[in-house]
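Inspection log for the structure reproduced underneath, given as structure tokens.
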Amino acid sequence: MPLYIQLQDMIIKKIEDKEYLPGELIPSERKMAELYGVNRMTVKRTIHALVEKGYLYRIQGSGTYVAKSERVKVNMGFVNEMINAGITAMLKDVGMTVTNHVLGKGDVEAGRFICAKLGLAFDEPVYGLHRVRQTGDKAIAVEYTYVPKKFFQDMDEIDFKNVSLYDYMEARSHTPRHFVQNLIVVEAAEKEANLLGVKEGSAIFLMEYIGADISYNIVEFTESYMNPENIDFQYMVVNADEN
């Protein structure tokens, strides 16, 4: 790996570990070169790249500073039962507010794939809700959600720009309580790339999850495309000997 890429990673880690704090003046290029044992041209190239990426900013005649992060990082832990896996709930847990831009909603011709995911017969009606989930002006996810219409007959009457889907589902006594999740890394298609603000073909997360209510009725199948810059996934590994 090129030296300047290695140096970028080291500086980014110091920023993320709070060794370099937002608004803090970082060492000069000369001191950086001495500290990391590289030449000043490597340091200059590294600093330039980190300024372009928004990690640092320069003040003429003063130096280079750590940028105040505008990025939103959401910790997406894998959940099993009795936990609201929705992005709205996760953002609320860290004191953030989610807003919704509804791309479309209505009855859909679901096809065998989605019907199978929902545990429905091929001819059973399915309702679709497609949204962009945001906090501030940052797109967190593009979500395509499908639900059995038999449980949610009045979805067309709900303004999902302002109403949480899970709050609505709770009001209809079919809150998702049990989840199966599947995380995939995929290439961003043109539509999702534009909505997430990433380059077409770049790597993004696709989280597929199925939610069942307290009685194990499947009430949701969602495909959620997420910008990896805004998402941290955490895993808990349990030693088999402890089970």
When you compare the side chain of [Y] with that of [X], does any pair of heavy atoms fall below 4.5 Å?
X      : Y      : result
Tyr225 : Lys191 : no
Arg131 : Lys105 : no
Val126 : Val147 : no

Between [X] and [Y] (side chain of the first, backbone of the second, donor and acceptor by atom type, cut-off under 3.5 Å), is there such a pair?
X      : Y      : result
Glu124 : Ala121 : yes
Ser202 : Lys199 : yes
Gln8   : Ile5   : no
Ser215 : Asn217 : no

Does atom [atom1] of [X] have more than 12 heavy-atom neighbours, drawn from other residues, nucleotides or ligands, at distances under 6.0 Å?
X     : atom1 : answer
Met10 : CE    : yes
Glu19 : CD    : yes
Arg45 : CZ    : no

Review point. Can you check side chain to side chain donor-acceptor pair (under 3.5 Å) on Thr222 and Glu143, steps first, answer last?
Key: CA-CA 7 Å; Thr222 291; Glu143 289 193 343; 5.5 Å; no
If you take all heavy atoms of [X] and [Y], which pair is closest and at what distance?
X      : Y      : value
Gly211 : Phe179 : CA-CD2, 4.0 Å
Ala203 : Val185 : CB-CG1, 3.9 Å
Leu118 : Val219 : CD2-C, 4.5 Å
Asn100 : Val163 : ND2-O, 4.2 Å

**Study point:** Partner of Phe160 under ring pair (Phe, Tyr, Trp, His ring centres under 6.0 Å), chosen from Tyr166, Tyr127, Phe152, Tyr168
**Key:**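 Of Tyr166, Tyr127, Phe152, Tyr168, ring pair (Phe, Tyr, Trp, His ring centres under 6.0 Å) with Phe160 is met by Tyr168 alone.
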Review point. So, Phe221 versus Tyr209, ring centres under 6.0 angstrom or not?
Key: no
Check your understanding: Should His130 and Tyr146 be marked as a ring pair (Phe, Tyr, Trp, His ring centres under 6.0 Å) after you check the CA-CA gap, both sets of side-chain angles, and the distance that decides it?
Key -> CA-CA 9 Å; His130 297 177; Tyr146 304 94; 5.5 Å; yes
Exercise for review: Indicate if Val66 and Tyr57 have the same hydrophobic cluster label, given that clusters are the connected sets of ILVMFWY residues with side-chain heavy-atom separations under 4.5 angstrom.
Suggested key: no
